[in-house]
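First the proteins, then the strands, lettered A, B, ... as listed; each starts at 1. Heavy-atom basis, side chains included; hydrogens, waters and symmetry copies ignored.
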Protein chains: 2
Amino acid sequence: MNPLLKKNVPLPLYYQIEEYLKQKIEEEEFEAGRMIPSERELSERFEVSRMTVRQAVTNLVNAGVLYREKGKGTYVAEKKIEQPLKGLTSFTEDMKKRGMTSSSRLLAFDVIEAPRDIREKLNLEEGKKVYGIQRIRMADEKPMAIENTFMPKELLPDLSEEIVQGSIYNYVEHELGMAISQARQIIEARAADEEEANYLNIPPHSPVLHIERKSFLAHNVPFEVVKSTYRADRYKFITDIDR
Amino acid sequence: MNPLLKKNVPLPLYYQIEEYLKQKIEEEEFEAGRMIPSERELSERFEVSRMTVRQAVTNLVNAGVLYREKGKGTYVAEKKIEQPLKGLTSFTEDMKKRGMTSSSRLLAFDVIEAPRDIREKLNLEEGKKVYGIQRIRMADEKPMAIENTFMPKELLPDLSEEIVQGSIYNYVEHELGMAISQARQIIEARAADEEEANYLNIPPHSPVLHIERKSFLAHNVPFEVVKSTYRADRYKFITDIDR
DNA sequence: GTTTTCTAGTTGTCTATACCAGTATGATAT
DNA sequence: ATATCATACTGGTATAGACAACTAGAAAAC
């Protein structure tokens, strides 16, 4: 029996071939732009039919790991550019990816009646309470952003300052079992007002990057509105687009 | 011969089956959440082998149109929510979506030796030529942004002012048959310099939104670098995130 | 009535084969 | 030297069948 594949294991052969190919690419035995063995070659080597090899290769082509050229061969694709901000990242994760340490100073943790714009953005009725959390976010010990977070009290009845000091997203996803599925961000340039300039330790009227993020749970339930003001001299927003 | 498929036409059978299924879904003969005929049923109806039907269905599953449940059947997926600004949009499309008319004033259309930063971003060797295109972008007849586009001459040897006045993306995709697959954008806030303020008709040192976009063709071939400067009082950047 | 077993139907995996359609290369004819 | 052709590769499409894994419901056993 061919020792390359385990035929007594419940893993499909095509899946094992996928793993084999991915590993060889990882080990750079098959390099980007180089051809991998042909389908017929692989089918002989693994002692499986060519259709089985094709299933493995097709999956990797769909995943963007390989690409085929008719009459020529199948090649290893260039790695996709790294997705720094794909998905939702917390400030902490974001700074970590940028190679900076992050810390934060809690300025306010209140339960307030939702102001009108927040109420509308969170689809709340008049009089409903929200958490209003204000923090200074620091990167490498220096101020990076002011962050104002609003979340409906009814969705998180037991939110505390301690939890806020840790990872709110972690708490929501793992403790409460709610998944944040989508978000929309609106990004604009502004001039810092006196208060912002003061907190961020920059001259008044300096340009700042203002980001408003609205996050949704499953079924498009609004979950939070975060208004952030970043120092423009320290922060650039990066976003990748796949078509 | 089975009249449902044209066997004397160069279109693959699996492709014709895909089209058939998509049409039935479009016509709501197969509704969301409802089961489509089984693979065996389809293979009999079309008088093709089941593997051919599977190829069609697999493609639609990968495209998110259908989903399979082992032992039960194959179902029509719910339509995805429309992504307003997902994907790469041209200035024209962007303004259209925002309900504004767009126009543009060409300030420069040059072929120049690539400056160092552009050369590095486009992976070009020293001395290679690039198009340098400068435009004022107007929305509702008023200045909205300054746009500086750089594209390698070798990728588009026959680019002309006329093409630039139209849709470059259209030209690239449909005339040249190259597909733009990915892009990265870096967004930051700045204070407008004298020249920018002048072109955009805003006070000097006003905040502006600076967006640098780098687009890629297939296989991560860099295709263009666009540096845009938007009036912050008129433009907000919106981005949606799916997890 | 409740539980278990059977059965028919579904998708999942896999084989062995065939022929088509592009590509590259070397032999051959000009 | 330069075309042209033959050939031997590559991936693309398609067949007919087999058995496995899973689901739902009907039939049988209790």
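For the pair A/Glu18 CD and C/dC14 P, the interatomic distance rounds to 11 Å; values are reported in whole Å. Atom CD in A/Glu44 sits about 12 Å away from atom P in C/dT17, given to the nearest Å. Put simply, CD1 on B/Ile17 is 13 Å from C1' on D/dT15, counting in whole angstrom units.
Annotation: salt bridge (charged side-chain N to carboxylate O under 4.0 Å, His left out) contacts involving residues 61-76 of chain A, sequence neighbours excluded, comprise A/Glu39-A/Arg68, A/Glu69-A/Lys72. For residues 149-169 of chain B, every residue pair satisfying the salt bridge (charged side-chain N to carboxylate O under 4.0 Å, His left out) rule, not counting sequence neighbours, is listed here: B/Lys128-B/Glu154.
By the ring-ring contact (aromatic ring centres under 6.0 Å, His included) test, A/Tyr131 pairs with A/Phe109, sequence neighbours left out. Partners of B/Thr149 according to the side-chain contact (heavy atoms from CB on, under 4.5 Å) rule, which considers only residues two or more places apart in sequence or in another chain, are B/Ile133, B/Arg135, B/Glu147, B/Met151, B/Glu224, B/Val226. For A/Lys227, the salt bridge (charged side-chain N to carboxylate O under 4.0 Å, His left out) partners are A/Asp117, not counting sequence neighbours.
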What does the B/S/- profile of nucleotides 7-13 of chain D look like, 5' to 3', with a 4.0 Å heavy-atom cutoff to protein? ---BBBB
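At C/dT15, one or more side-chain N or O atoms of A/Thr52 fall inside 4.0 Å of OP1 or OP2 (strictly under the cut-off).
With salt bridges taken as basic N to acidic carboxylate O contacts below 4.0 Å, none links B/Lys96 and B/Glu93.
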